[in-house]
Amino acid sequence: MKFKPAIKPYRAAAGGWGSLEATTRFVLDSKHTLKNLRNLMRMNKAKGFDCPGCAWGDDNKSTFSFCENGAKAVTWEATRRFIDGQFFAQHSVSTLYKQSDYFLEYQGRLTEPLRYNPHTDRYEPVSWDDAFTLIAQHIHALETPNQMELYTSGRASNEASYLYQLFGRMAGTNNFPDCSNMCHEASGSGLKRSIGVGKGTIQLNDFDRANAIFVFGQNPGTNHPRMLHSLRHAAENGAQIVTFNTLRERGLERFADPQKPLEVITPLAGNISTNYYQPNLGGDMAAVRGMAKALLEKHRECLARGEKGIFDDTFIAEHTLGIEQWFAEIDLTPWEHITRQSGLSQPQLRDAAAIWQQAERVICTWAMGITQHKHSLNTVREIVNLQLLGGHLGKPGAGLCPVRGHSNVQGNRTMGIDEKPPTTLLDSLAAHFEFEPPRSPGHNTVEALAAMLRDEVKVLIALGGNLAAAAPDSPRTEEALRRCGLTVHISTKLNRSHLVPGRDALILPTLGRTEADIQTTGRQFVTVEDSFSMVHASEGIGHPIADSQRSETAIVAGIANAVLGREKLDWLALAGDYNLIRDHIAATIAGFDNFNQQCEKPGGFYLGNAAAQLRFNTPSGKAEFSAAPLPASLFGELNAPFTLQTLRSHDQYNTTIYGLDDRYRGVYGQREVLFINPDDLLSQGLREGELVDIETLWHDGIVRKVCGFKIVPYNIPRGNLAAYYPETNPLVPLSSTGDGTGTPTSKSIPVKITRTATAANTRIA
Ligand SMILES: Nc1nc2c(c(=O)[nH]1)N[C@H]1C(S)=C(S)[C@@H](COP(=O)(O)OP(=O)(O)OC[C@H]3O[C@@H](n4cnc5c(=O)[nH]c(N)nc54)[C@H](O)[C@@H]3O)O[C@H]1N2
Ligand SMILES: Nc1nc2c(c(=O)[nH]1)N[C@H]1C(S)=C(S)[C@@H](COP(=O)(O)OP(=O)(O)OC[C@H]3O[C@@H](n4cnc5c(=O)[nH]c(N)nc54)[C@H](O)[C@@H]3O)O[C@H]1N2
Ligand SMILES: [Mo]
């Protein structure tokens, strides 16, 4: 593929022809057209496989329930290209390391188990049995099971994740770092503290009934395209859609529905957002506090006039605790602090508050723009505070909606992929399987990497994902991985993590979700959970590209069998019949009674949400207002000229780069770009298209710098910058994490920029 770098503003609406065209090209470009189309037709229908793209829900109504980016995810997995031992005979690990992430995954599917040979610097074929035996040898040699880290990425099915956590706990550790630690941790923890359950409270059809939807820090046009349909329908039903996003995102401005051909042909694209606010990075807690301050003023004015206030007093009295402390904190927060930190004016925040006030039913949604800051947990809780004021919980068309990332990341947690497992989970595992699981908390992702750097980790197993590229502070993350005695990656495609091997290393090739999974008792299906707590079956249909690939569930069972034997559990029998795994899940995880029968339901079954039924599993039994002070500033003493966010382009799935375009933002054929406000560009004496180096300002004396990023003027508030992840991960300090979440602060990095001395464009300085 050839790319010609260009910047061209995208004038059309999001979705629409551009999207259809790109989908078709993607499908037709691939050598396997028919298979791809058939795959697409089945995606997200009652039968067939769940889209491996995002975690948005399915309505099972439309014929083509897929989006451009879901189509990319499927065709990317369904490629005919593959890698085997021959490939590594030709390419050493250190030469591959120099290639881009795009190049690595473009080589195709991994087909046979491989072991790293440090003498030749190459991966070489190894049998499955030898691979499992090697893992067992390493694990048996550990001084304590806590010298092992079991990473999970959110595509793993419920069945694979359940077996994986059971294996880890039977082996004696709670070290389950996962992608969620870098993602929605703040949502889980914040919601848990405020309303007792770490999941969203709404269902998909609530969007049809909402009067106002507030979308915070999220780019659905690229990352959750099917959400645009829900927003669009809501807008058609008269809902106000209020967006808070630092950038002007195309998908949040206008959207044409590619599933309504008429709309695509005539330029009937509807506006999505009624109001679009562009806060500073990390400014949302201040923005919500400002809305609350405006509302509180109105409320008190009403009371002073002897009228009824504007809040839902009955709801507040019956179901909540701590409103007075929060009000006191609001009174202590001056407007000046609010407007400086949010970057929004009083009138703007008063307008947003008025929309909230006029709506009988309000939904708040959010994603990474909210969760990847130092004060994310308190920001999530501030959003909850706002919703509690209006009683926007436990009624149709209203509630809280953290929009999850990976297609089964929510299910992973439900299945026990949790480094701080709830006692209830451990108790039920202990009773059902008759063993004593470890009780002390394990490592999250950043803690795991820090432990590796201290040489406290000997074995890393990764069930999917690409830790080397997804984690912060790339040089330190890579060093951490190299320090492990054994790294094991269960993967579909080649990625950077494979190229920073431990002293010993394995790559285990796995089936993807779109592929038929045949075990000793026949064809299997797996299950996943979406952002709306709907659990449904997913059955792959494509023919695997090689017989030597194994399912994730079978690989986990193979490892467990080699390490623990079959005395406690016949792991291989479980891998032979996933119904047996689901019976264990039914016996140990709340909400999964009659799991196997429930899977028959078209569209899946709803796990329920206690908070949505106004049952609050908090210490007080009530929904608890949080009275956290607004942070004085984002970076404390550090005086940084710019704050940088790292975000996704339209042509990527996290660290998987499908192509080098970012159509809605008008960027073509390149990824090393830096979005900047035109006035900042001038004040820095820079010109459009010039190359700059970006350097982090941090307390530890380590130089973190990326070089040769092309300047792109963009509609973004002054002082704020944006660049793509993972190219800018070297800039995120490992020690810069969210309070109470441990999440790397990927959306607020204090940086300075300087003109690049030479045109040379090095990836990492
Ligand atoms: N096609 C595709 N789909 C995906 C993914 C993918 O990579 N590709 N990734 C999946 C995963 S794992 C996840 S977690 C989700 C991610 O979904 P998003 O959260 O939409 O992903 P990001 O690209 O990180 O975008 C963050 C958005 O928040 C805005 N933003 C950043 N900081 C702030 C802030 O401080 N305040 C406000 N108000 N806005 C801010 C940015 O301008 C941007 O629009 O998508 C999932 N779906
Ligand atoms: N700077 C910065 N860093 C970030 C973020 C950010 O916004 N900015 N976002 C963070 C977020 S939200 C997330 S969720 C993480 C993502 O972190 P990860 O989940 O670790 O990364 P992915 O890029 O999603 O993983 C891609 C790899 O997964 C493997 N894979 C794909 N499909 C399958 C499958 O079906 N089974 C198995 N076993 N393997 C499969 C492929 O080999 C592929 O290379 O990154 C985080 N890192
Ligand atoms: Mo994510």
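We count ligands from 1, going down the list as the structure has it; atoms in each ligand are counted the same way.
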Any N/O pair A470/ligand 2 closer than 3.5 Å: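 Between A470 and ligand 2, an N or O pair is found under 3.5 Å apart.
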
Min N/O separation G465 to ligand 2 under 3.5 Å: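 Yes, at least one N or O pair falls under 3.5 Å.
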
Taking only heavy atoms of [X], which atoms of ligand 2 are found under 4.0 Å from at least one of them?
| X | value |
| --- | --- |
| R155 | 31 (C), 32 (N), 33 (C), 35 (O) |
| E105 | 43 (C), 44 (O) |
| H406 | 14 (S), 19 (O), 24 (O) |
| N654 | 16 (C), 22 (P), 23 (O), 24 (O) |
| Y151 | 17 (O), 18 (P), 19 (O), 20 (O) |

Close N or O approach (G369, ligand 1; < 3.5 Å):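 Checking ligand 1 against G369, an N or O pair does fall under 3.5 Å apart.
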
Can you tell which of [options] gets a heavy atom nearest to [atom]?
| atom | options | answer |
| --- | --- | --- |
| atom 43 (C) of ligand 1 | K747, R665, R248, E249 | E249 |
| atom 6 (C) of ligand 1 | L281, N223, N219 | N223 |
| atom 8 (N) of ligand 1 | Q372, K72, Q652, R648 | Q652 |
| atom 5 (C) of ligand 1 | F216, W366, Y653, W56 | Y653 |

Residues in ring pair (Phe, Tyr, Trp, His ring centres under 6.0 Å) contact with H650, at least two apart in sequence or another chain: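 Ring pair (Phe, Tyr, Trp, His ring centres under 6.0 Å) list for H650, sorted by chain: Y664.
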
Parallel, tilted or perpendicular: ring planes of F214 versus F216, cut at 30 and 60 degrees: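 Ring orientation, 0 to 90° scale: parallel.
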
Can you tell me which portion of [X] lies within the under-4.0 Å heavy-atom range of ligand 2? Options are side chain, backbone, both, or neither.
| X | result |
| --- | --- |
| T510 | side chain |
| M182 | both |
| T646 | both |

Heavy atom of H184, distance to ligand 2 below 4.0 Å: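 Heavy atoms of H184 never come under 4.0 Å of ligand 2.
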
Contact check, H489 vs ligand 2, heavy-atom distance below 4.0 Å: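 No.
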
Taking atom 19 (O) of ligand 1 as the reference point, the nearest protein heavy atom with its distance: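 That would be M368 N, 2.9 Å.
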
Atom 42 (O) of ligand 1: nearest protein contact (heavy atom, Å):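 Of the protein heavy atoms, N245 OD1, 2.7 Å lies nearest.
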
Carboxylate-amine/guanidinium contact E552 R513, below 4.0 Å: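 Salt bridge between E552 and R513, a charged N being under 4.0 Å from a carboxylate O: no.
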
Element-labelled atoms of ligand 1 that are located less than 4.0 Å from some non-hydrogen atom of T222: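 Close to T222: 1 (N), 2 (C), 3 (N).
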
Under 4.0 Å to a heavy atom of D284 - the qualifying atoms of ligand 1, by number: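 Atoms satisfying the 4.0 Å criterion: 34 (C), 35 (O), 36 (N), 37 (C), 38 (N).
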
Distance under 6.0 Å and angle within 45° of ring axis: R648 vs Y724: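 Checked: cation-pi criterion not met.
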
Charged tip of R155 within 45° of Y653 ring normal and under 6.0 Å: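 Flagged: R155 positioned over aromatic ring of Y653.
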
